[in-house]
Structures are given as structure tokens and as C-alpha cells.
Amino acid sequence: MLMMTSNDESATTARKRSERTCAGCGKHAAADELVRIVLDPSSGEVAVDLAASGFGRGAHLHPTLDCVAKAIKGGLARVFKTKVVADAKAIGDDIVVAADRRIEGLLTGARRAGQVAVGSDLVVEALKEGRAELVVVARDAAAATRLPEIERAIASGKALALANKESLATLMARPGGPGSGAEVAVLAVLHPGVAGAIAQTYRMSGPFRGAVGSAAPVSVSETSGEPLGVRSEEAWSSSEVR
Ligand SMILES: [Zn+2]
């Protein structure tokens, strides 16, 4: 006889609870496929809450130019039941900045937890051992991409081009450890959950990159609206060697 345990029930509830309606197109989607927008009631301004951690009422949007435009025309005002001050460019910029911050935080957290392999030797080793969940290659590190293991990771969509060697080094620097002047061409994230969150955050911000330059310290490829692992010419064409 089949019985539904309380665990099954709560799992079902959790799945239902994580469905949201896009304030742009009005379609339902899993919450983690949508960008959360929060309202500052005092100013009527909206802000992007990518980690979905903010307080207050939130609206949800597909991370597409189309749904952002539609939401501004009326969807956000309907969700928040008030006049909303927003424009598409600002929301797009906010999404990119929030994505860069979130990726930066995830990488720092992974480093602190010992869930990264830093430098091509350790990354290749982690790939060979099947421990690398996601490979991050600095956009100015073409040499690393010519290593066969890393080439395979790129081809299989397991890699993304991000920031540059200097800012990856800053993120990976241990407090008190060797810091200045160091460069990191490539690193691998070993934790599946963190790797998934980074890849997803990167994808979400894709449609809004290109039009905007990010002020965040880790600036993800400006040209990458592409899926993970797709080579953008600029990202991989530098001849600089680590
Ligand atoms: Zn939508």
C-alpha cells in the first residue's frame, strides 16, 4: 500500500510554492527561472533582488527584454498596487550588477569552503577526477583554454568566461596570503549546488549584457548573451599567457 509521507507532502507544497507568475507576460514559471523585483515603498522605485532574499513584496519577471518592457507598462504597478518608477535600461543594468555581485559572492563562498580548484594544474586534475562542476576561465586567459581538458569542458558547456585574471585572483586570494600581482587564469568550482547557482545567475543576466558595462569588481563578459560554453571571439582570442 502506498502512503504519502509528510515528507512527500512538504516536497509537493514546496514545489507549488516556488511557482510564480511573470509580471511581464503573465505566464507561470518556477521561481528560480524568474528575477525578483522589490519595491521601495517610500520612493516608488524598484530594485532587483536576484538572490530572492529581500524583504517586502516582490514581483517576478522572466529575465528577458520583452518581459521587462511589458512589466514596466503595467505589470509591476498591478503587482505592487501602486505607481512604480522604473525603466527597462535601469532594470537591465541592475540585473547585470546584481548577477555579478551574486557570482562574486558564490565564488568567494566556494573558496572559503575549500570548494574551488585554482590554477590550470589543479583544474585539469579536478576535471580528470570528475570533481569539477564548473570551470571559470578569465576572459583574458586564452592559453588556459588550449589545454585539452579545459577545451573539452568548454565544448561540453561546463565552462564560462568571466572577469579577468586579476579580478579572479582577488576573489581567490586568502586573507593574509600572497595577493598583489597574482593572476588566476582558470578555476573550477567543485560544489554542484554552487556551480549550478553560478551558471544560472550567469544565464539570467545574459540578455541584459552588451548594452551595459558593469561597475562591479567582477565583470562578466560584456558580450555574453550566449549559453554557457559558447566561445565569444573576444573572450578567447587573447594571446596572453598565464
Ligand atoms: Zn514573462
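For the numbers below, each heavy atom of this structure counts, side chains included, while hydrogens, waters and symmetry mates do not. Counting starts at 1 for both ligands and their atoms, following the listed order.
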Under 2.8 Å from the Zn ion (ligand 1), the protein N, O or S atoms, given as residue and atom: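 You should have found C22 SG, C25 SG, H62 ND1, C67 SG.
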Could you give the distance from CG (D49) to CZ (R102), rounded to the nearest 0.5 Å?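 Atom-to-atom, D49:CG and R102:CZ are 9.5 Å apart.
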Nearest-0.5 Å distance, NE2 of residue H62 to CD of residue E33: 6.5 Å
Quick one, R209 with S205, criterion side-chain hydrogen bond (donor to acceptor under 3.5 Å, both in side chains). Give me CA distance, side-chain angles, the key distance, then yes/no. CA-CA 7 Å; R209 295 182 189 275; S205 57; 2.8 Å; yes
Under 3.5 Å donor-acceptor pairs involving side-chain atoms of residues 75-82, not counting sequence neighbours:
none

Between D40 and V46, is there a donor-acceptor pair closer than 3.5 Å when you use the side chain of the first and the backbone of the second? no
side-chain hydrogen bond (donor to acceptor under 3.5 Å, both in side chains) between D66 and T64: does it pass, once the steps are laid out? CA-CA 5 Å; D66 200 36; T64 65; 5.7 Å; no
